[in-house]
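See below for the structure under consideration.
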Amino acid sequence: MNTIEKFDNNVMHTYGRFNVAFEKGSQRNAVDEDGKQYIDFGSGIGTNSLGFCDEDWVEAVCSQAKAIQHTSNYYYTKVQADFAENLCNATGYSKVFFGNSGAEANECAIKLARKYSFDKYGKGRHNIVTLVNSFHGRTLCTLSATGQDSFHNYFFPFVEGFVNAKANDIEDLKSKLDNVCAVMVEFVQGEGGVIALEKDYVTALAEICAEKDILLIADEVQTGVGRTGKFLASEHFGIKPDITTLAKGIAGGVPMGACLANEKCSEVLSKGTHGSTFGGNPLACAGGNVVVNKVNNKDFLDEVIKKSEYIKEKLSAIDEVCEISGLGLMIGITLKTKNALDVVSKALDEGLMLLTAKEKVRLLPPLNITYDELDKGLEILINILNS
C-alpha cells in the first residue's frame, strides 16, 4: 500500500489534497516520493518562511530536541524567555501569550478583549466587530468571528457576540459599535481573496477605537513576520493595534501562535484565565528565534518588497492577468478566462507549488526565495497562463 492509499484509509477527508506525497525539501524546493522536484510558491500556506530545512533553523531545532523538548507551562525555560523577549523587542509589544496556531492566537485575543471590557465596564459590553470577507480560524469561536457566510453552516449554534461590518466602509462600522469591546481586522484579507484594506479606513478605524476605548485587534496570522515587507503589516498603515496575533511563518514550519498585547492589555489575563499545554514549546521557540533574527532586518525586509515588485512586474505583462492584489510576498492574481484551481493543478504537474484564494491564484513564496528560483517558477506559471 502506497502513502496516498494509506493516508486516505486512515485520515479524515477534510482537505482537497493533490495527488502528491512529499518526502523531503531543501531551500525553496520540495521532492516527492518519486524524486520529482517542485519549486515552492506557497510555503505551506505562508508557514515555511525560510523555505525548507534552513540550516540555522535545523541546527536550532535539533539542538533543542537534544536538550529538552517539553516541560509544560508550570515551569520556565530559557528558550521561551529568549523568544518572548525577542518577539516583544521586534514588535514593540509589552507581553505575549504563546499558543500553537492562528486560531488559538485569535481565541486568546477574543478572551483578552472581553475580559478587558468586563473588568473595566462590567458585563454586557462583549461584542466584537469583524469584517465581511474576513477569516479568523476554524475553531467554533473563530469560525463565528469569520465574516464569510460559506463557513457558517453545519456547526450550529455558533458563538454569539460577533457583528460583521463592511470593509473600507467607516460609516457602516460606526453604526455597529453598540456594546462593543473590540474590532478585529486583517490588514490583508488572505483567505478572503488577498485584499488589502484602504489606509484611510484603517486610520479612521484606529482613531474611533482609541476614542471609545474599543480594543483594536490585528489578525496578522498570515500577514505578520515579514510577509508584507514589514515585520508587522500594521507598519504599512502607521498604526499600533492594542493586540496583534501571529502564527503561520513565526516559527518556520513548526506549530506556534502568539497573541501580543500592549501595556494597556498586558496584565488582563491573570493566572488561570487562559492556558495552553503546548504553547511556547521549546522546539517551536528555538525555530522562532531563528526566524525572528533573520526576518527582523531592514535589508531582508526591503528585499521582500523588491521581490514582490519583481513578481508583479513580470505578471502584469501577461494578457491573462486581470488584476494583482496584496502586499509584499502575499499576492493574489485575478485571471480573465482561466480557472485558478486548474492553473494550480497544471503548475503542480510542471513542478510548481501554488495556492488559491477564492477565485484567485495566490502566491506566498518563502521570504528568502532567490531571484533564480522566482524566475524558474514564474516561467512555469507564465507558460500556463499564456497557453
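Since this is a predicted model, take the numbers as computed values, not measurements. Start at 1 with the first residue, then count along the sequence.
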*asked:* Under 4.0 Å between a side-chain nitrogen and a carboxylate oxygen: does that hold for Lys174 and Glu171?
replied: yes
*Give a yes or no answer on whether the side chain of Ser63 reaches the backbone of Ala60 with a donor-acceptor pair at less than 3.5 Å.*
no
Side-chain donor-acceptor pairs of residues 44-54 under 3.5 Å, sequence neighbours excluded:
| from | atom 1 | to | atom 2 | distance (Å) |
| --- | --- | --- | --- | --- |
| Thr47 | OG1 | Gly44 | O | 3.0 |
| Ser49 | OG | Gly249 | O | 2.9 |
| Asp54 | OD1 | Lys294 | NZ | 3.1 |
| Asp54 | OD2 | Asp56 | N | 3.2 |
| Asp54 | OD2 | Trp57 | N | 3.0 |
| Asp54 | OD2 | Lys294 | NZ | 3.2 |

*asked:* Tell me whether Asp8 is salt-bridged to Arg17, with the criterion being a basic N under 4.0 Å from an acidic carboxylate O.
replied: no
*Closest non-hydrogen atom pair, Ile250 against Ala258*: CD1-CB, 3.9 Å
*Report yes or no: do Leu348 and Val31 belong to one cluster of Ile/Leu/Val/Met/Phe/Trp/Tyr joined by side chain heavy-atom distances under 4.5 Å?*
no
*Is a donor on one side and an acceptor on the other found under 3.5 Å between the side chain of His152 and the backbone of Thr146?*
yes
*Remaining members of hydrophobic cluster (4.5 Å side-chain criterion), Phe97*: none
_Do Ile4 and Phe18 sit in one hydrophobic cluster, given that two such residues count as connected whenever their side-chain heavy atoms are within less than 4.5 Å of each other, even indirectly?_
no
*Counting only heavy atoms not in Asn383, do more than 12 sit closer than 6.0 Å to its CG atom?*
yes
*Is there a donor-acceptor contact under 3.5 Å from the side chain of Gln64 to the main chain of Ile68?*
yes
*Would you sort out whether Glu309 and Lys306 count as a salt bridge (Lys or Arg N to Asp or Glu O under 4.0 Å), showing the intermediate values?*
CA-CA 5 Å; Glu309 292 170 350; Lys306 290 176 184 177; over 6 Å; no
*Taking atom CG of Asn10 as the centre, does the number of heavy atoms from other residues, nucleotides or ligands within less than 6.0 Å exceed 12?*
yes
_Sequence-distant partners of Phe7, ring-ring contact (aromatic ring centres under 6.0 Å, His included), two or more places apart_ = none
*Can you see which heavy atom on Leu112 is nearest to which on Cys259, and at what distance?*
CD1-SG, 4.5 Å
*Would you say the side chains of Gln148 and Ser134 form a donor-acceptor pair under 3.5 Å?*
no
*asked:* Quick test of your reading of the model: are Lys376 and Asp372 salt-bridged, counting only N-O distances below 4.0 Å?
replied: yes
*List for me each residue that meets ring-ring contact (aromatic ring centres under 6.0 Å, His included) alongside Tyr116, sequence neighbours excluded, and say none if there are none.*
none
*asked:* Test your reading of the model: is there a side-chain donor-acceptor pair from Lys115 to the backbone of Val268, 3.5 Å cut-off?
replied: yes
*Other residues, nucleotides, ligands: >12 heavy atoms within 6.0 Å of Lys358 NZ*: yes
*Using the ring of Tyr93 (Phe, Tyr or Trp, six-membered ring only), decide whether Lys240 places NZ or CZ under 6.0 Å from its centre and within 45 degrees of its axis.*
yes
*Taking the side chain from Asp219 and the backbone from His136, do they hold a donor-acceptor pair closer than 3.5 Å?*
no
*Side-chain hydrophobic cluster, 4.5 Å single linkage: members besides Tyr15*: none
*asked:* Looking at every non-hydrogen atom in both residues, tell me the closest pair between Ser276 and Asn100 and how far apart they are.
replied: OG-ND2, 3.1 Å
*Who pairs with Ala65 by side-chain contact (heavy atoms from CB on, under 4.5 Å), at least two apart in sequence or on another chain?*
Leu283
Throw together a table of side-chain donor-acceptor distances under 3.5 angstrom for residues 180-196, partners on residues two or more places apart or in other chains.
| from | atom 1 | to | atom 2 | distance (Å) |
| --- | --- | --- | --- | --- |
| Glu186 | OE1 | Phe135 | N | 3.1 |
| Gln189 | OE1 | Asn133 | ND2 | 3.1 |
| Gln189 | NE2 | Val132 | O | 3.2 |
| Glu191 | OE1 | Arg362 | NH2 | 3.3 |
| Glu191 | OE2 | Gln222 | NE2 | 3.2 |
| Glu191 | OE2 | Arg362 | NH1 | 2.9 |

*Give me the other members of the hydrophobic cluster that Tyr121 sits in, counting Ile, Leu, Val, Met, Phe, Trp and Tyr linked by side-chain heavy atoms under 4.5 Å, directly or via other members.*
none
_Other residues, nucleotides and ligands only: do more than 12 of their heavy atoms fall within 6.0 Å of CD on Glu33?_
yes
*Are the side chain of Thr245 and the backbone N or O of Ala105 linked by a donor-acceptor pair below 3.5 Å?*
no
*May I ask you to decide if Asp319's main-chain N or O and Lys336's side chain share a donor-acceptor pair within less than 3.5 Å?*
yes
*Do other residues, nucleotides or ligands put more than 12 heavy atoms under 6.0 Å from Glu5 CD?*
yes
_Holding to side-chain contact (heavy atoms from CB on, under 4.5 Å), I want the full list of residues that pass it with Gln80, two or more places apart in sequence or in another chain._
Asn73, Thr77, Phe98, Cys285
*Answer with yes or no whether the hydrophobic clustering places Tyr310 together with Phe41; edges join I, L, V, M, F, W, Y residues whose side-chain heavy atoms lie under 4.5 Å apart.*
yes
*asked:* Are Val343 and Ile333 linked, directly or through intermediate hydrophobic residues, by side-chain heavy-atom contacts shorter than 4.5 Å (ILVMFWY only)?
replied: yes
*Decide salt bridge (Lys or Arg N to Asp or Glu O under 4.0 Å) for Glu267 and Lys95; before the verdict, give the C-alpha distance in whole Å, the side-chain angles of both, and the deciding distance to 0.1 Å.*
CA-CA 8 Å; Glu267 303 298 333; Lys95 291 189 178 176; 2.5 Å; yes
*Heavy-atom donor-acceptor pair, Lys307 side chain to Leu367 backbone, under 3.5 Å*: yes
*Same cluster for Ile239 and Leu215 if Ile/Leu/Val/Met/Phe/Trp/Tyr side chains link at under 4.5 Å?*
no
*asked:* Going by the rule ring-ring contact (aromatic ring centres under 6.0 Å, His included), which residues pair with Phe156 if we only count those two or more places apart in sequence or in a different chain?
replied: Phe158
*Any side-chain donor paired with an acceptor under 3.5 Å for Asn29 and Asp40?*
no
*More than 12 foreign heavy atoms under 6.0 Å from NZ of Lys36: is that the case here?*
yes
_Around atom NZ of Lys264, are there more than 12 heavy atoms from other residues, nucleotides or ligands closer than 6.0 Å?_
yes
*Expected output: side-chain Lys312 to main-chain Ile331 donor-acceptor under 3.5 Å*: no
*asked:* Looking at Asn89 and Glu85, would you say the former's side chain and the latter's main chain have a donor-acceptor pair under 3.5 Å?
replied: yes
*Would you mind checking if Asp342 and Lys338 are paired as a salt bridge, meaning a charged N to carboxylate O distance below 4.0 Å?*
no
*Ring centres of His126 and Phe118 under 6.0 Å apart?*
no
*asked:* The criterion is side chain to side chain donor-acceptor pair (under 3.5 Å); which residues satisfy it with Asp172, sequence neighbours excluded?
replied: Lys176
*Sequence-distant partners of Phe155, ring-ring contact (aromatic ring centres under 6.0 Å, His included), two or more places apart*: none
